[in-house]
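Accompanying notes for the structure given below.
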Amino acid sequence: MKKNAKIVLLVVTLFIALIILAGCGIKGNSKTYDFYANIVSRDEYILRIEGDLEIETGKKENGIVTIAEKAGNMFLATDCESQKASIINKDETTYVLMDSEKLYVKTDRNREEEEANPFFDENEMEKIKEADYTTGKEEIDGQEYDYEEYVTEDGGKIKYYFEGSNLKYVKETNDGEEVIMKILEASNQVDDSIFEVPADYQEANY
């Protein structure tokens with residue numbers, strides 16, 4: 001469970017990276033801020049993100065991360081070549097699903113541990129709201145997108161690419177290394193079934 005949670009947090013951290021003022025640029029409400037305010041800050045949302053995930057130190061694989069929340073329940077999942085696993089936090093129980101084996105382990109939910117996970121931070125929202133950013137256009141996979149670019153606390157840069165008001169990609173550049181992620185889904189409509197253990201899964205006896 002801890003490894004899977006770390007992978008999810010790696011992706012989420014990209015979205016809530018600390019932002020500082022970037023000198024001359026536009027200031028005020030942006031599409032990036034609106035995305036956080038209208039999607040991630042709500043009590044019900046789902047995000048599906050595709051990108052390179054650090055499975056272990058020095059090893060990355062392309063995969064998909066899904067993050068969902070509704071009525072206090074949470075769902076986290078990673079799907080890549082070397083592992084496919086999910087975590088469901090429902091009511092007072094945590095289910096760790098080993099999807100490849102169709103097995104699950106059930107434990108008591110640890111809400112204190114969840115609260116330490118930075119899925120959404122109101123203080124970071126305010127930093128985004130007040131930060132300077134620059135805008136432009138850039139092509140990704142043959143399609144041109146509008147972008148908003150911010151400078152991070154450690155001197156790197158993050159670009160948020162939009163098609164209209166819809167966030168499509170996030171790209172972080174730091175020390176010459178580039179990480180790009182594709183937004184497959186971002187909405188405030190979550191089906192309750194995502195928080196259910198599939199009927200054909202068996203509880204592991206260990």
Side-chain angles (χ1 to χ4, degrees), residues 1-19 31-56 60-100 104-105 107 109-125 128 158 160-162 165-172 179-198 201:
M1 181 175 70
K2 290 183 178 179
K3 176 186 281 190
N4 199 55
K6 285 181 179 178
I7 295 171
V8 174
L9 289 179
L10 178 72
V11 177
V12 175
T13 300
L14 179 59
F15 278 85
I16 61 166
L18 299 179
I19 292 178
K31 291 181 180 181
T32 302
Y33 175 82
D34 288 343
F35 171 78
Y36 283 107
N38 295 328
I39 301 293
V40 184
S41 70
R42 302 294 179 88
D43 294 332
E44 179 178 344
Y45 69 88
I46 183 169
L47 295 173
R48 291 179 62 242
I49 307 159
E50 180 180 3
D52 288 338
L53 311 179
E54 188 172 3
I55 305 303
E56 56 188 59
K60 293 184 179 181
E61 289 182 10
N62 182 266
I64 295 173
V65 171
T66 302
I67 307 166
E69 185 171 0
K70 181 179 182 180
N73 299 324
M74 298 189 70
F75 174 83
L76 316 174
T78 57
D79 186 352
C80 54
E81 183 177 352
S82 67
Q83 70 167 294
K84 183 178 180 181
S86 311
I87 300 173
I88 298 172
N89 291 321
K90 183 178 181 181
D91 299 326
E92 299 307 316
T93 304
T94 292
Y95 303 88
V96 182
L97 281 61
M98 292 149 282
D99 296 298
S100 300
Y104 71 91
V105 176
T107 63
R109 186 174 183 178
N110 188 335
R111 291 182 181 272
E112 290 184 2
E113 183 177 298
E114 287 177 39
E115 291 173 357
N117 295 343
F119 292 105
F120 171 72
D121 189 313
E122 189 173 348
N123 292 329
E124 300 309 326
M125 278 283 296
I128 294 174
I158 295 184
Y160 297 85
Y161 296 84
F162 293 87
S165 60
N166 297 319
L167 181 64
K168 293 297 185 180
Y169 292 90
V170 179
K171 181 169 69 175
E172 181 179 26
V179 177
I180 187 165
M181 295 190 179
K182 183 177 183 179
I183 314 306
L184 302 177
E185 181 180 3
S187 79
N188 296 116
Q189 296 184 345
V190 182
D191 194 304
D192 290 334
S193 64
I194 199 171
F195 305 108
E196 299 290 341
V197 176
Y201 281 44

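These numbers come from a predicted model, not from an experiment.
Counting only heavy atoms from C-beta outward, the side chains of D79 and K84 approach each other to under 4.5 Å. N62 is listed as a side-chain neighbour of E50, based on a closest heavy-atom distance under 4.5 Å. Within the 4.5 Å cutoff, the side chain of V105 has heavy atoms near those of the M98 side chain. Using a 4.5 Å cut-off on side-chain heavy atoms (C-beta onward), V170 and Y161 make no contact. Taking the side chain as every heavy atom from C-beta outward, T94 and N110 never approach each other to under 4.5 Å. Contact annotation: the side chain of L97 approaches that of P198 to within less than 4.5 Å [non-hydrogen atoms, C-beta and beyond].
Panel note: side chain N188, backbone I39; a donor-acceptor pair is recorded below 3.5 Å. With hydrogens and angles disregarded, no donor-acceptor distance shorter than 3.5 Å links the side chain of E44 to the backbone of A71.
Donor-acceptor pairing under 3.5 Å is lacking for the side chains of K31 and Y160.
Nearest heavy-atom pair, C80 versus G63, reported as atom, atom and distance to 0.1 Å: CB-CA, 3.9 Å.
With values rounded to the nearest 0.5 angstrom, D34 atom CG is found 10.5 Å from S41 atom OG. For the atom pair CZ of R48 and CG of L184, the computed distance is 5.0 Å after rounding to the nearest 0.5 Å. Atom CD1 of I194 is separated from atom OG1 of T66 by 6.5 Å, given to the nearest 0.5 angstrom. The line from CD1 of I183 to CG of L47 is 7.0 Å long, rounded to the nearest 0.5 Å. Rounding to the nearest 0.5 angstrom, the gap separating the CG atom in N73 from the CZ atom in F195 is 5.5 Å. Rounding to the nearest 0.5 Å places CD of E69 at 4.5 Å from CE of M74.
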**OP:** Apply side-chain contact (heavy atoms from CB on, under 4.5 Å) to the pair T32 and F162, showing each step before the final yes or no.
**Re:** CA-CA 9 Å; T32 302; F162 293 87; 3.7 Å; yes
**OP:** Test side-chain contact (heavy atoms from CB on, under 4.5 Å) on M181 and V179 and set out the steps.
**Re:** CA-CA 7 Å; M181 295 190 179; V179 177; 4.1 Å; yes
**OP:** Go through the steps to decide whether V96 and Y104 satisfy the test side-chain contact (heavy atoms from CB on, under 4.5 Å), and finish with yes or no.
**Re:** CA-CA 5 Å; V96 182; Y104 71 91; over 6 Å; no
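A search for ring pair (Phe, Tyr, Trp, His ring centres under 6.0 Å) contacts involving F75 returns nothing, not counting sequence neighbours.
Residue pairs satisfying the salt bridge (Lys or Arg N to Asp or Glu O under 4.0 Å) criterion with at least one member in residues 90-99, sequence neighbours excluded, are listed as follows: K90-E196, E92-R111. Residue pairs satisfying the salt bridge (Lys or Arg N to Asp or Glu O under 4.0 Å) criterion with at least one member in residues 182-192, sequence neighbours excluded, are listed as follows: K70-D192.
Open room surrounds CG on D43; 12 or fewer heavy atoms of other groups in view lie less than 6.0 Å from it.
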